[in-house]
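Here, residue 1 is the first one in the sequence, and each next residue gets the next number.
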Amino acid sequence: MTDTAPRSAGLPRRVLARVKRLPVQLLLPAGALLGAVAGGVYGTVQTPQYTATSDVVAVPDKHGFVDSHAALGFAQAYGRLATQLAVLGDAQTRAGVPVATLRRSVQSATSPDAPMVSISATSRHADLAADIANAVAGSLTRYADRSLRNTGVRLVRFSPALKSTQPSSASRGLTALVGAGTGGLLGGLALLVRPRRITGYDAAAGASVPAPAHSGNVQEQLG
């Protein structure tokens, strides 16, 4: 038991020592190769994530007093409210998950040109992601209906969230490519910070530089 800790502590030192002994020209490809392997392993063992999106659009109420430009402004405001407790608290019952899960998985986005709010949900299960997105979109629509008398704008479901058939998380090939790029970058940095070996020419050049003369010796030579 006492021998395990020193051995494990000395392992990084042995690895670093072997890396230092590698030829300079191998640092860059070795870093890229190790990064690609690590990225591929991560892409294999990671849990796939699925994303579903539900869209709602803000429209002026027929008895309202706002125009399309005002509806665009209200859509921006409702987009910020989509991830707040006032909306998520009502959606947790229909989604079947707690508010904390909704906060982690739900994101909202708006368009500067169209009065539309996109609500996206991410989960390990494709059907759950669609249920969460639809539940939050429905809760946001009901929230807008309760404020209709003051805003003159209501939200209408434009497109419901559908169950995704493909994961939205990065594939194994992509993670391997990112890992190769990161490993190559680290290998390049190692080349920059690696101490330069002193050759015989450098030693001879360093030895040929004369030492500075003292002021007393210069005066004696002049005298």
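Annotation for Ser111 and Gln76: closest pair O-NE2, 2.8 Å, computed over non-hydrogen atoms. Taking both residues in full, the closest heavy atoms of Ala82 and Val136 are given as O-CG1, 3.7 Å, listed atom of the first, atom of the second, then distance. Residues Leu72 and Pro112 approach most closely at CD2-O, 3.5 Å, considering heavy atoms. Among all heavy-atom pairs drawn from Ala133 and Ala121, the shortest one is N-CB, 3.8 Å. Looking at every heavy atom in both residues, Ala161 comes nearest to Ala130 through CB-O, 3.8 Å.
Proximity of Ile132 to Val97: side-chain heavy atoms (C-beta onward) are separated by under 4.5 Å at one or more points. Contact check for Val59 versus Arg154: side-chain heavy atoms found under the 4.5 Å cut-off. No side-chain heavy atom of Val153 sits less than 4.5 Å from a side-chain heavy atom of Leu148.
Between atom OG1 of residue Thr141 and atom CZ of residue Arg146 there is a gap of 10.5 Å, rounded to the nearest 0.5 Å. The line from NE2 of His125 to OH of Tyr50 is 10.0 Å long, rounded to the nearest 0.5 Å. Note that the OG atom of Ser123 and the CD atom of Gln49 stand 7.0 Å from one another [nearest 0.5 Å]. Here OG of Ser108 is found 8.5 Å from CG of Leu140. Values are rounded to the nearest 0.5 Å. In this structure, CZ in Phe74 is found 10.5 Å from CG in Leu155, a value given to the nearest 0.5 Å.
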Given Arg157 and Ser54, is the side-chain contact (heavy atoms from CB on, under 4.5 Å) satisfied, shown in steps?
-> CA-CA 8 Å; Arg157 185 74 63 91; Ser54 179; 3.6 Å; yes

List the steps and the verdict of side-chain contact (heavy atoms from CB on, under 4.5 Å) for Ile119 and Thr53.
-> CA-CA 5 Å; Ile119 300 173; Thr53 302; 6.0 Å; no

Check step by step if side-chain contact (heavy atoms from CB on, under 4.5 Å) holds for Ser147 and Tyr78.
-> CA-CA 11 Å; Ser147 305; Tyr78 283 128; 4.0 Å; yes

side-chain contact (heavy atoms from CB on, under 4.5 Å) between Thr110 and Met116, intermediate numbers included | CA-CA 6 Å; Thr110 58; Met116 184 175 294; over 6 Å; no

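With hydrogens and angles left out, the side-chain atoms of Thr51 and Thr122 include a donor and acceptor closer than 3.5 Å. Ser120 and Gln107 form no side-chain donor-acceptor contact under 3.5 Å, judged by distance and modelled atom types alone.
A salt bridge is defined here as a Lys NZ or Arg NE, NH1 or NH2 lying under 4.0 Å from an Asp or Glu carboxylate O, and Asp90 with Arg142 meets this definition.
Linking Ile, Leu, Val, Met, Phe, Trp and Tyr residues whenever their side-chain heavy atoms come within less than 4.5 Å places Leu85 and Leu81 in a single cluster. Residue Leu102 is grouped with residue Val117 when hydrophobic side chains (ILVMFWY) are merged at heavy-atom distances under 4.5 angstrom, including chains of intermediate members.
Checking side-chain atoms of Asp131 against main-chain N and O of Ala95 turns up no donor-acceptor pair under 3.5 Å. Judged by distance alone, the side chain of Ser139 and the main-chain N or O of Ala135 form no donor-acceptor pair under 3.5 Å.
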